[in-house]
Amino acid sequence: MRIGSGYDSHRLIEGRKLIIGGVDIPFEKGLLGHSDADVLCHAIIDAILGALGLGDIGRHFPDTEDKWKDASSIDLLSSIIELMKQKNFGILWVDSTVIAERPKLQPFIEEMIKNLSSAGIPSNSINIKAKTNEGMGLIGRGEGIAAQAVCLLKAV
């Protein structure tokens, strides 16, 4: 078995969609990034890559390559799960936390789980928590959103 951890954060700006866990969440701002800036998917990708010892998301999907511009992070996650399977590993568990002052994310968690499952993670192996930063720091001021993830892989 192997364990990996992942973290991602992006700044909130006007004029972008807010995509978290593959869900288009109604909000006046979205996350700035080269792809769709889905912090949850990015944290999970980094957790899987960490468990595999294969670097991080930037190594596999560099923001210097136009082909990743506005890419769906669910699609990026699917390709990393395929890579994981090629390395003869499977996911036992993913535990994640999304930290955002606004909007409230709890109503969207079930849909996030469905989207992550469609990317190749068994739905009964996913836990997503939504937290605020209690008004502290850049997240508390509503300037950005962050996510953390831990995954446990097993050899298959």
Any donor and acceptor pair, going by atom type alone, linking the side chain of S73 with main-chain N or O of C41 inside 3.5 Å? no
Any salt bridge between D95 and K129, counting N to O under 4.0 Å? yes
Under 3.5 Å, sequence neighbours excluded: what are the donor-acceptor pairs made by side chains of residues 117-124?
residue : atom : partner : partner atom : Å
S117    : OG   : I121    : O            : 3.3
S118    : OG   : N115    : O            : 2.6

I'd like to know if the side chain of H34 reaches the main chain of E65, judged simply by a donor and an acceptor atom lying under 3.5 Å from each other, with no hydrogens or angles considered. yes
Sub-3.5 Å donor-acceptor pair from the side chain of D36 to the main-chain atoms of D38, do we have one? yes
Please test L77 against D75 for side chain to side chain contact (heavy atoms under 4.5 Å, CB included), starting from the C-alpha separation and ending with a verdict. CA-CA 5 Å; L77 177 59; D75 292 343; over 6 Å; no
With a 3.5 Å cut-off and sequence neighbours excluded, list the donor-acceptor pairs that the side chains of residues 149-156 form with protein atoms.
none

Contact summary for I109 and I128, nearest pair of heavy atoms: CD1-O, 3.7 Å
For H60 and L54, indicate whether the former's side chain and the latter's backbone hold a donor-acceptor pair under 3.5 Å. yes
Side-chain (D56) to main-chain (R59) donor-acceptor, under 3.5 angstrom: yes
Heavy atoms from other residues, nucleotides or ligands near CZ of R16 exceed 12 (cutoff 6.0 Å): yes
What are the two closest non-hydrogen atoms of I25 and P103, and how far apart are they? CG2-CG, 3.9 Å
Without swapping roles, check the side chain of E143 against the backbone of L12 for a donor-acceptor pair under 3.5 Å. no
CA sep, side-chain torsions, deciding dist, call: I126, W93, side chain to side chain contact (heavy atoms under 4.5 Å, CB included): CA-CA 6 Å; I126 303 167; W93 189 248; over 6 Å; no
Are N127 and S96 close enough, and set up right, to give a side chain to side chain contact (heavy atoms under 4.5 Å, CB included), and what steps lead you there? CA-CA 6 Å; N127 187 55; S96 58; 6.0 Å; no
Using side chain to side chain contact (heavy atoms under 4.5 Å, CB included) as the criterion, list what pairs up with P107, not counting sequence neighbours. none
Under 4.0 Å between a side-chain nitrogen and a carboxylate oxygen: does that hold for E101 and K131? no
Backbone N/O of L32 and side chain of H10: donor-acceptor pair under 3.5 Å: yes
For side chain to side chain contact (heavy atoms under 4.5 Å, CB included), just list the numbers for Y7 and V39, CA-CA rounded to whole Å, side-chain angles, deciding distance to a tenth of an Å, and then say yes or no. CA-CA 8 Å; Y7 172 84; V39 292; over 6 Å; no
